[in-house]
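See structure below.
Here the structure is a predicted model, which means the values were calculated and not measured.
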Amino acid sequence: MSGQSITDRIAAAQHSMTGSAISKAVCKASTHEVSGPKKKHLDYLIHCTNEMNVSVPQLADTLFERTANSSWVVVFKALITTHHLMMYGNERLIQYLASRNTLFNLNNFLDKGALQGYDMSTFIRRYSRYLNEKAMSYRLVAVDFTKMKRGIDGVMRTMSIEKLIKTLPIIQNQLDALLDFQANPNELTNGVINSAFMLLFKDSIRLFAAYNEGVINLLEKYFDMKKGQCKDALDIYKKFLYRMTKLSEFLKVAEQVGIDQGDIPDLSQAPSSLLEALEQHLASLEGKKTKELTADTRASTLSSAVSSLSNTGMSFSRMDEKERQQALEEEQARLQALKVQPTVPSHNQAPPMALHHPGHPHPGHPGGKLLANDLDSSLANLVGSEYCIDNIHYMQWSQPGEKKLTGGHSWQSKTMTSTTAWNPAPMAPAPMTFPMTTPQVPMYGMVPPQMGQMGGVQLMAPQPMMYNQPVLRPTNPFAPMPGAQMQFM
């Protein structure tokens, strides 16, 4: 199966007719095409999460509706879109997801009727469980572990002992759900699952970085804890070592499927002597006879362990720095593009006779497109640059790939049979109508709000000028007629 299906096109058309741009974008991001969601649709949805007039519950409900589809491709891509928005969208989205009593209920999902349906359905069930766990973590601690401040003055490094012992198991549960995805290189066989794996890879790096810093904080305070706290902390540290091993296996898969080696962190485990020192200290607090390490030996062991784990943390920061640099370069490119504007035509310069095609640059408007959500500035650009509104005979939006004669040498006006010859109607007692194309009266063509709307954009159409009595054809058809009464239809 490749390309958008007829169902995808029909669904997109329905959302276009109802004016639901968000629903259309979600539909476009989760088509039947066996490839990851397109960046332009994801970027638009990210923008929507930052707009206060956009309903986040409506956006979330639309995503949930797409996961009710029977196709593994549609469901998988809807989950990927949700994950992408949780990572890069406004925080109010994950806040809303965390506030819901139920999220994705896909534990029994199975697509029996498609190629790779059985295999991909397994990963869909695992992936949805991770997204549920990610939202649950936020619900419990009101923070996204993958976005929290890190470093020596970060959240996990400065957390109190009591809060630390409660928080680290929550990170463990989320990391367990992520690592349970368990995809090997032979199963990453299409663009859909590859997109999901890449998002999981990025989450695993940031999640484990927070986990690692919490453990460092735990170890630094271990020998000053009470007996019960030491017991909990030792259990957390043992589980940490096990999860570090599982993460190492996950990262090996990432390396085999082509993820840049520079993006894969190096995992440095603390020396085994640290675990022995932690166990001996707890045994001494419990009154058991054991060999107690000297203060100097204990301090040296702890320092060595913290140094190793800190190196791991520094290694985890490389991916964040690379993404920040990439985002900075993209922003600079956008700013540079905004600096380029064609010169505004002077008063003596003849106005253009036709609108350019939406796919080509239009003088006076960046990128050559009229944006539906920027109507005021678009019209201001057109009027401000002295483009005559009465010359806008015809305007039609087209989908990519369609060929419409909307500009250039092949364009023809729908109100006149020719753009060069003047063919007025013959004289008759009945009133005659002439197309009014005088550039000196641009604002007479403004269409009322209830008329001339296409895709939420109000267009300006010409209005005919009617003469109530027979007149002789003048030499200049644009000149006013003596004694004529002008009426606007």
Answer yes or no: does atom CG of D153 have more than 12 heavy-atom neighbours from other residues, nucleotides or ligands under 6.0 Å? yes
State the CD-CG distance between E91 and N50, to the nearest 0.5 angstrom. 11.5 Å
Does D180 come within less than 4.0 Å of R129, counting only side-chain N to carboxylate O? no
Out of L85, T82, L45, which residue meets the side-chain contact (heavy atoms from CB on, under 4.5 Å) rule with V26? L45
pair Y127-I193: side-chain heavy atoms closer than 4.5 Å: no
Do D61 and R100 meet the salt-bridge criterion of a basic N to acidic O distance under 4.0 Å? yes
Begin from the C-alpha positions of Q172 and I236 and carry the test side-chain contact (heavy atoms from CB on, under 4.5 Å) through to its verdict. CA-CA 9 Å; Q172 290 175 353; I236 289 173; 3.6 Å; yes
Using modelled atom types only, decide if a donor and an acceptor are shared between the side chain of N311 and the backbone of S268 within a distance under 3.5 Å. no
Short side-chain donor-acceptor distance under 3.5 Å, T146 and D144: yes
Using the side chain to side chain donor-acceptor pair (under 3.5 Å) rule, take Q116 and D119 through it: C-alpha gap first, then chi angles, then the decisive distance, then the call. CA-CA 5 Å; Q116 297 183 304; D119 294 336; over 6 Å; no
Heavy-atom side-chain proximity of K238 to L275 below 4.5 angstrom: yes
Do Q269 and S308 have a side chain donor and acceptor closer than 3.5 Å? no
Regarding E33 and K38, does a basic nitrogen lie under 4.0 Å from an acidic carboxylate oxygen? yes
So CD of Q332 and CG of L335: to nearest 0.5 Å the spacing works out to 7.5 Å
Side chain of S307, backbone of S304: donor and acceptor closer than 3.5 Å? no
Under 6.0 Å from the ring centre and within 45 degrees of the ring axis: does the NZ or CZ of R126 meet both conditions for the six-membered ring of F123? yes
Has R66 got a side-chain atom pairing as donor or acceptor with S30's backbone, closer than 3.5 angstrom? yes
Do F250 and F197 have ring centroids that are under 6.0 Å from one another? yes
Return yes if some donor-acceptor pair links the side-chain N/O of S303 with the main-chain N/O of A299 below 3.5 Å, else return no. no
Going from OH on Y88 to CD1 on I46, what distance comes out if it is rounded to the nearest 0.5 angstrom? 8.5 Å
Quick one: does T81's side chain have a donor or acceptor within less than 3.5 Å of a partner on K77's backbone? yes
Is the F76 ring parallel, tilted or perpendicular to the W72 ring (thresholds 30°, 60°)? perpendicular
Exam field: side chain N212 to backbone L309, donor-acceptor pair closer than 3.5 Å: yes
What one should report as the nearest heavy-atom pair of N217 and M156 is ND2-O, 2.9 Å
Check this for me: does any side-chain nitrogen of one of E213 and K149 sit under 4.0 Å from a carboxylate oxygen of the other? no
Against the six-membered ring of F223, is R298 placed for a cation-pi contact (under 6.0 Å from the centre, within 45° of the normal)? yes
Whether the side chain of T167 engages the backbone of L164 through a donor-acceptor N/O pair (distance < 3.5 Å, no angle test) should be reported. no
So that I can tick it off, tell me whether E220 and R157 are bridged by a salt bridge, with the cut-off set at under 4.0 angstrom between side-chain N and carboxylate O. yes
Which pair of heavy atoms, one from L106 and one from V75, lies closest together, and at what distance? CD1-CG1, 3.9 Å
I80 side chain near V192 side chain, heavy-atom distance below 4.5 Å: yes
Check V54 against C48 and note the closest heavy-atom contact, atom names and distance. CB-O, 3.4 Å
Side-chain contact test, heavy atoms from C-beta onward, threshold under 4.5 Å: evaluate it for Y222 versus L282 and give yes or no. yes
Judged by modelled atom types alone, do T122 and R125 share a side-chain donor-acceptor pair under 3.5 Å? yes
Heavy-atom donor-acceptor pair, R92 side chain to T49 backbone, under 3.5 Å: yes
Heavy atoms, side chains only, cut-off 4.5 Å: are I259 and M198 in contact? yes
Between Y118 and D111, does any side-chain donor sit less than 3.5 Å from a side-chain acceptor? no
With a 4.5 Å cut-off on side-chain heavy atoms, are K134 and L97 touching? no
Decide, yes or no, whether a salt bridge links D235 with K231 under the criterion of side-chain N to carboxylate O below 4.0 Å. no
Has the side chain of N194 got a donor or acceptor atom that lies under 3.5 Å from a matching backbone atom of N190? yes
Evaluate side-chain contact (heavy atoms from CB on, under 4.5 Å) for L219 paired with L278, printing each intermediate quantity in order. CA-CA 9 Å; L219 295 175; L278 298 179; 3.8 Å; yes
Heavy atoms only: give me the nearest F109-N69 pair and the separation to one decimal. CE1-O, 3.6 Å
Counting C-beta onward and ignoring hydrogens, is there a side-chain heavy-atom pair between L218 and I165 closer than 4.5 Å? yes
Taking every heavy atom of L247 against every heavy atom of S204, the minimum-distance pair comes out as CD1-CB, 4.0 Å
From L79 atom CG to F64 atom CZ, the distance as rounded to the nearest 0.5 Å: 9.5 Å
If you measure from CG on L207 to CG on L200, what distance do you get to the nearest 0.5 Å? 11.0 Å
Find out whether Q229 and E162 are in side-chain contact, i.e. whether some heavy atom of one side chain is under 4.5 Å from a heavy atom of the other. yes
K147, NZ atom: more than 12 neighbouring heavy atoms under 6.0 Å: yes
Nearest heavy-atom approach of E187 to Q182 is OE1-O, 3.7 Å
Report the C-alpha separation of L267 and L251 in whole Å, then their side-chain angles, then the decisive distance to 0.1 Å, and conclude whether the side-chain contact (heavy atoms from CB on, under 4.5 Å) test is met. CA-CA 10 Å; L267 299 179; L251 297 180; 4.3 Å; yes
Carboxylate-amine/guanidinium contact K202 D263, below 4.0 Å: no
Relative to the ring of F240, is the ring of Y237 parallel (under 30°), tilted (30 to 60°) or perpendicular (over 60°)? parallel
Quick one, V155 with F145, criterion side-chain contact (heavy atoms from CB on, under 4.5 Å). Give me CA distance, side-chain angles, the key distance, then yes/no. CA-CA 10 Å; V155 177; F145 293 120; over 6 Å; no
Is there a donor-acceptor contact under 3.5 Å linking the side chains of H83 and Y130? no
Between OH of Y211 and CD of Q174, what distance do you get to the nearest 0.5 Å? 12.0 Å
